[in-house]
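When a ligand or atom number is given, it counts from 1 through the structure's own listing order. For the numbers below, each heavy atom of this structure counts, side chains included, while hydrogens, waters and symmetry mates do not.
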Amino acid sequence: MHIDIITVLPELLHSPLHHSIMQRAQDKGLVNINTIALRDYGLGAYKQVDDYPYGGGGGMVMRLEPLAACMDDLMKKRSYDEIIYLTPDGETLNQSMANGLSLKHNLLLICGHYKGIDQRIRDVYVTKEISIGDYVLSGGELAACVLVDAVVRLIPGVLSDEMSALSDSFQDRLLAPPVYTRPEEWRGLKVPDVLLSGNDKLIAEWRLEQSIKRTKEKRPDLME
Ligand code: ADE
């Protein structure tokens with residue numbers, strides 16, 4: 001997979017995308033993540049990328065010329081399966097969207113700032129608008145990191161079998177069951193006997209039971 005991310009703050013993306021599983025996925029050649037500094041396409045001596053909104057009101061709007069020039073350049077090199085704008089008024093990200101995106105080959109992400117991007121970019125280029133939740137961040141960068149992480153870990157080969165994404169919460173509309181590791185007993189609290197039984201069938205049954213119980217308690221909406 002190839003992911004291009006357009007941003008005014010490339011530094012903000014660096015650490016989350018270059019550690020742990022995300023870095024290993026890139027080292028293994030399973031994904032290529034490339035950040036593009038929008039400022040390089042900025043206008044005039046000050047490399048301006050934003051301007052006052054028509055109609056007044058507070059805040060600035062990201063101008064369309066730098067974004068359009070940047071995207072036209074990128075689109076000369078590859079065609080994208082999706083051009084995604086991260087925005088609080090987009091469709092809320094969930095596991096099934098992440099599953100779908102993990103099957104794509106080329107993604108282009110646009111991180112907004114200020115009051116957002118000129119509507120005409122959304123009308124002409126953007127194919128999907130995604131929010132990571134009902135709250136407003138200072139920019140789309142953190143949202144882009146969340147989206148990339150959720151998608152990249154699903155690419156076959158990124159996680160080892162033991163870490164399989166299939167047992168994650170939400171994957172089957174159930175939350176994951178409780179997990180335990182050593183020691184067997186701590187402050188009088190014992191690991192459930194079944195997990196020490198060595199009986200794979202009983203363990204699988206117990207985990208499913210616990211998943212259902214936990215989902216009913218914490219997220220009954222998932223089971224509707
Ligand atoms: N940009 C600002 N807030 C956001 C959110 N909640 N989701 C995606 N992009 C955003």
Does [X] use its side chain to pair, donor to acceptor, with the backbone of [Y] at less than 3.5 Å?
X    : Y    : result
K28  : G157 : yes
Q26  : L17  : yes
S211 : L175 : yes

Checklist entry - Where on A143 is there a heavy atom closer than 4.0 Å to ligand 1, on the side chain, on the backbone, on both, or on neither? => result side chain

Next on the checklist: Heavy-atom pairs closer than 4.0 Å: do any link ligand 1 to the side chain of I130, the backbone, both, or neither?
Outcome noted: backbone

If you have a sec, work out which protein heavy atom is nearest [atom] and how many Å separate them, to one decimal?
atom                    : result
atom 3 (N) of ligand 1  : L137 N, 2.9 Å
atom 7 (N) of ligand 1  : I132 N, 3.0 Å
atom 10 (C) of ligand 1 : P88 CD, 3.6 Å
atom 6 (N) of ligand 1  : Y135 O, 2.8 Å

Next on the checklist: Less than 3.5 Å apart, any donor N or O on the side chain of D4 or N34 sitting next to an acceptor on the other?
Outcome noted: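 Note: D4 and N34 side chains meet the donor-acceptor criterion.
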
Checklist entry - With a 3.5 Å cut-off and no angle check, do the side chains of D72 and Y125 form a donor-acceptor pair? => result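 Y125 and D72 do have a side-chain donor-acceptor pair below 3.5 Å.
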
Touching ligand 1 at all, [X]? Heavy atoms, strictly under 4.0 Å?
X    : value
G112 : no
G139 : yes
L142 : no

Item to check | For G133, atoms of ligand 1 separated by under 4.0 Å from a heavy atom | outcome: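 Those qualifying, in numeric order: 6 (N).
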
Checklist entry - Do Q95 and R173 touch side chain to side chain, with heavy atoms closer than 4.5 Å? => result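 They are not in contact (no side-chain heavy atoms under 4.5 Å apart), so the answer is no.
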
Checklist entry - Got an N/O contact under 3.5 Å between V136 and ligand 1? => result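 N/O-N/O distance under 3.5 Å: no.
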
Checklist entry - By side chain to side chain contact (heavy atoms under 4.5 Å, CB included), which residues pair with T87, not counting sequence neighbours? => result Y85, D89, R122, E129

Next on the checklist: Which residues pass the side chain to side chain contact (heavy atoms under 4.5 Å, CB included) test with A69, not counting sequence neighbours?
Outcome noted: Y41

